[in-house]
Structures are given as structure tokens and as C-alpha cells.
A.B. asks: 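Could you have a look at this structure, given as C-alpha cells, before my questions?
Numbers restart at 1 for each chain; the letters A, B, ... are given by sequence-line order, proteins then strands.
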Amino acid sequence: MPTAVIWFRDDLRLRDHPALQAAARAGFAPLPVYIHAPHEDGGWAPGATSNAWRHRSLAALDASLRQRGSRLHVFAGDSLATLQAIAAVTGAGAVYWSRRHEPAAARRDEAVRRALRAQRLRADAWNASLLFEPWQLETRAGDPFRVFTPFWNAARRAWSPQAPYPAPDALPEFDRLPGETALDALGLAPDIPWDASFWAHWTPGEAGADAALQAFIEHGLHDYRDGRDRPDRPLTSRLSPHLHFGEIAPWRIVDAVAHAGPVEERAAFVRELAWREFGVHVLHHFPQTPDANFNPRFDDFPWAAPDPALLAAWQRGRTGVPIVDAGLREMRATGWMHNRVRMVVASFLTKHLRLHWLHGARWFWDHLVDADLANNTLGWQWVAGTGVDAAPYFRIFNPVLQARKFDPAGEYIARWVPELRGLPAKARHAPWEVPSGSRPTGLYPARPIVDLAEGRASALEALKRIRVPVADPLG
DNA sequence: TGGCACTTAGG
DNA sequence: CTAAGTGCC
């Protein structure tokens, strides 16, 4: 039986795996391979938190392969050279993989495909991560979408998610290959166990993804529309890291929720999946956006000179604004932050502190288990106002109002900012506003590092400097 | 997927 | 005085 190398990357599962399925259909014996090559990810090599998850997810994939008689063959080095060496040693006739859409990875994949085909190997890639490939939807004018709602409308018109399909029962075994290394030797897992607190919250791997999906359907979906905005309540799906690493296919998620819960609730959830698709669409069509403003008008925006003390206060959750600090501390403790709070902390960084959104994007990149170039870029540019789907006004979140609205009892704040636990619930949103007797004592900042009204005003003032002057009709 | 100033209704 | 609605950035 001829061999097909299955080149695993961000598709760490065995069900719903089109490359694996294609190999079986064509009569190939699949050889599962992982190549550690972060130097091929351009300026956005995965951060330490992402690596910690990947280590466990790869271990889960390997265990799952072993249950079926196979295992994961692990390498480190240049992807193309490694694949060529594997093909030469095994006499493989094909290399199959799942597409990636990050610009550097997509370019690398294309170079790999050409080189392999030039030596008469079959080299093919499939969609394993999306409901719609980024080139599949376009405006009536044939352009990429720049606004979410029309994108979502087009997606609904074209809606035809595929059905889930099972993993193969048994897989063939291969001998150890020259150059193979151990998963533990890749250095993905932290040397110092700073991630120890993460794993009470997460189970990386295909089984963990399935458990998260079932838990969401049981506990979160029924109240998703309003509940998803509440960081104090566990109603979000928490599927983002599983989706990022391809531990579950989006079409399997769509299938699972299709008949669960009230129709309005599941529609709201599928809409959130579509935001993820929109992020990939935008990244594919505007590949500069991880590093540059989508809207070039903001290239002249007067960002504040990065003050290391202010940036560090934001990073460590010591800004003195409770909802902001809670979010950044949640991320450091669990590798994840509630989406509503992501918007609030991002707005605070880019508007009140007026620091460039890339400072925040980089910090998220290194500290989120679901760090994803498409979603991270979309989210930061959206909040900063530099990106797609821009509002006709300059959106500045008021972190106190956001906290009162979405964490009304201050439970989320109390969970992550223990200095404020002794305060009455109402005082936790803005402790500097309450009588001094009920203010936090000890180490928590007495006041925010920037006055909220002044921060807002300075952001609006900065915006005026890049506003195109309106032509005076009277000359 | 916002906030704020201003207005009006109603306690 | 608060809640809710409106117009505007």
C-alpha cells in the first residue's frame, strides 16, 4: 500500500479530517507527521501560552493515534526539507494537509506544494477549519467584505455546512523514521510550570473539545444571547482554543447545536462562529493587517509614547480600574479572557491610555490559549477603530458602565481582584467613587492610573488630528 | 458588540 | 430624583 504523509499543523484531530479521509479514499496508508517550525510563521510565531496548549494537544493526538495502531511522528526543522526527507525514506507518493490562512504559513504552504509537485509527489490541501473558505464569499461587486453584517448575510445565503464524519477505526503502523524526535524535546511545555493553574479550566485535545461542546449545549446555549456578554456567568462556549488548534471542526459544532436550544439562542451562537470566519476572510484578503492599520488614515494617529510603567500596569492588571484588572488577571491565571472583557481592556489600552493596539495584540498573543492571528488582528483593530467594520463614531468603552452592565454584582471582579472582595458589590465597579470607609485597603491602587474622563477626552482630541478636514462649501 | 448630553415622564 | 427615549459624535 502506498504511503501518504499527513502533515498535521492546526488540525489536531482524527474525526472530520479531510486530508486523512482523502488519503483513505485514494488507498494510501496515512503516515501522521508533525513538524515543529515556528521560524516559518513570520513575525507571529506562537507564544508561550499557545505552545503550552499545543504540547498537550499533540500528546492527545498521539494517544488517539496509538489507540488505532499508529502514532504521531514528530520532527523539528524546515517543513519542506523534512517532508522531502520523509518522502524519500518511506517512498511516499503523497503529502496531504489542512489549509492555513495566516499569510506567512500560506506562503510557505504554497512553496511546499510547488516543490513537492515538481518532484512528482501528490501534494494537496483541504479546508479543515472553516465553514467558508475566505475566497468563497464576496460582495456583489466581487470585492472582499469589509463589514460583518453583509458578510453574515452572504454566508447565510450560501449556507451548506457539511455533515460530520467519524475518525478511522484502525491505522497502520510505521517504523521510527530517521530524524524523528520526541514531543517533549520540542520545548513547547513550559520549563517553569507557570501554566499549572490553567489546566483545571481546560482539557486540550479532541476529547476535551467534545466535552466543552457538550457542556456548552447543556449549560450555556439556552441563555446564550444575553448570557454570552456576562463575564460573571459561565455561558460562553469556551471552544475558541479547541477551534484554533483544529481539535473540532466548525461544521461539527454547527451540527451539534442545530437542534439544541431555542432557535434565537443558537442563531446568536452561530453568528459568533461567523465572526471567526469573518476574521479569516479579512486576514486572507488584507494580509498586512496583523502589523499595519487596515485604515491608513490612522497611520498618523498620535499614539502616546509607550510608557513602560503604564503598559506594565495594564499587563499585570494593576490599572486601578477593576473590570480591566480582572480581565488581565483572568488571562494570566487561565490563558483566556471573556470576550466582553477583551473589548473593555482593549478599549482602555488604545483609548484611555492611547497606546498603539499592537502593544495589546502582542500581549494577548503571548498569553491566550486561543491566540489566533485572524481573530486577534480583527479584534484589536476593531476596538482601536483602525480596522474593518468601523463604526461611524469613535467607540470608547466606559469601563465602569461596562462593568455595571455586564457584571452587575461585581462577582467577576471579586473573583479575579481579591483586594476588592471585602467591598459591597456596588463599590467594586469604581472603588474610588465610594466613601473612603468602604474603599479597598492595602495594595490595590487608590485611583485609576489615568482619570477616565481625561483619558476619554485625550483620545477624542487625538482623533481630531487625523480627521479629514471637511471642505467649507463657502470656500 | 457605545457613550453622552439632553429631554420628558413619572414618582 | 430616576428611567427611558432621542440625537449626535
Side-chain angles (χ1 to χ4, degrees), chain A residues 145-153 155 220 223-233 235-237 240 264-279 281-282 294-295 297-298 301 321 323-324 327 336-354 357 360-361 364 370 372 374-408 412 426 429-430 433 448 450-470:
Chain A
F145 288 97
R146 296 166 165 82
V147 181
F148 174 74
T149 301
F151 173 85
W152 174 225
N153 291 335
D223 195 20
Y224 187 75
R225 256 185 313 173
D226 295 331
R228 73 192 177 85
D229 267 327
R230 291 286 298 271
D232 56 336
R233 297 174 65 192
L235 297 176
T236 62
S237 76
S240 53
E264 299 85 0
E265 306 295 332
R266 59 181 203 251
F269 174 66
V270 174
R271 194 171 186 275
E272 294 303 305
L273 289 179
W275 268 100
R276 173 176 174 273
E277 304 270 326
F278 183 53
H281 179 87
V282 173
F294 170 81
N295 179 351
R297 183 147 57 96
F298 276 87
F301 187 84
V321 182
I323 190 73
V324 172
W336 184 85
M337 193 194 306
H338 188 281
N339 187 246
R340 167 62 48 182
V341 188
R342 292 188 197 199
M343 294 190 274
V344 174
V345 306
S347 175
F348 185 77
L349 183 82
T350 58
K351 307 290 167 71
H352 290 91
L353 296 179
R354 214 168 9 108
W357 57 268
F364 273 28
D370 62 23
D372 181 278
N375 278 300
N376 201 46
T377 301
L378 179 78
W380 276 97
Q381 293 231 35
W382 181 87
V383 171
T386 61
V388 296
D389 207 63
Y393 46 86
F394 197 51
R395 200 183 329 246
I396 302 174
F397 284 69
N398 179 328
V400 175
L401 293 188
Q402 289 281 315
R404 288 194 178 124
K405 187 168 177 188
F406 298 113
D407 181 29
Y412 176 79
K426 295 275 179 197
H429 303 123
E433 285 181 356
V450 57
D451 179 85
L452 295 182
E454 285 174 20
R456 176 187 165 84
S458 92
L460 288 169
E461 191 59 34
L463 182 72
K464 283 185 192 166
R465 296 215 231 153
I466 61 163
R467 187 167 284 159
V468 182
V470 179

A.B. asks: Return all side-chain donor-acceptor pairs below 3.5 angstrom for residues 382-397 of chain A, not counting sequence neighbours, or 'none' if the list is empty.
C.D. replies:
from, atom 1, to, atom 2, distance (Å)
A/Thr386, OG1, A/Gln381, OE1, 2.7
A/Asp389, OD1, A/Phe148, N, 2.7

A.B. asks: Which whole-number value in Å describes the distance from A/Lys351 NZ to B/dC4 P?
C.D. replies: 13 Å

A.B. asks: Could you tell me whether A/Asp223 and A/Arg233 make a salt bridge, using a distance below 4.0 angstrom between a side-chain N and a carboxylate O?
C.D. replies: yes

A.B. asks: For a quick check of understanding: with a heavy-atom distance under 4.0 Å over all strands, which category does A/Leu460 fall into, base, sugar-phosphate or nothing?
C.D. replies: nothing

A.B. asks: Of all of residues 340-348 of chain A, which get a heavy atom below 4.0 angstrom from DNA chain B, listed by number?
C.D. replies: A/Arg340, A/Met343

A.B. asks: Keeping A/Asp407 on the side-chain end and A/Asp232 on the backbone end, is there a donor-acceptor pair under 3.5 Å?
C.D. replies: no

A.B. asks: Could you tell me how far apart A/Leu463 (CG) and C/dC9 (C1') are, to the nearest whole angstrom?
C.D. replies: 10 Å

A.B. asks: For a quick test of reading the model: is some side-chain N or O of A/Asn398 closer than 4.0 Å to OP1 or OP2 of B/dC4?
C.D. replies: yes

A.B. asks: Base, sugar-phosphate, or nothing for A/Phe394, non-hydrogen atoms under 4.0 angstrom?
C.D. replies: nothing

A.B. asks: Kindly state each residue pair satisfying side-chain hydrogen bond (donor to acceptor under 3.5 Å, both in side chains) with at least one member in residues 338-347 of chain A, sequence neighbours excluded.
C.D. replies: A/Asp229-A/Arg340, A/Arg340-A/Gln402, A/Arg342-A/Asp370

A.B. asks: Take the protein atom CG of A/Leu401 and the nucleotide atom C1' of B/dC4, then report the distance between them rounded to whole Å.
C.D. replies: 9 Å

A.B. asks: Could you state the CD1-P distance from A/Ile323 to B/dG2, rounded to the nearest angstrom?
C.D. replies: 14 Å

A.B. asks: Whole-Å distance between C/dC9 C1' and A/Ile396 CD1?
C.D. replies: 10 Å

A.B. asks: Write down the distance between CG (A/Asp389) and C1' (B/dG2), rounded to a whole number of angstrom.
C.D. replies: 14 Å

A.B. asks: Looking at side-chain heavy atoms only, is the closest gap between A/Phe301 and A/Arg354 below 4.5 Å?
C.D. replies: yes

A.B. asks: For A/Gly455, does its backbone N or O pair with a side-chain atom of A/Ser458 as donor and acceptor, under 3.5 Å?
C.D. replies: yes

A.B. asks: Ring centres within less than 5.5 Å and planes less than 30° apart: is that true of A/Tyr393 and B/dG2 in this structure?
C.D. replies: yes

A.B. asks: Does the salt bridge (charged side-chain N to carboxylate O under 4.0 Å, His left out) test come out yes or no for A/Glu433 and A/Arg404, once each step is laid out?
C.D. replies: CA-CA 13 Å; A/Glu433 285 181 356; A/Arg404 288 194 178 124; 3.2 Å; yes

A.B. asks: Give the rounded distance in Å between these two atoms: CZ of A/Arg456 and P of C/dC9.
C.D. replies: 13 Å

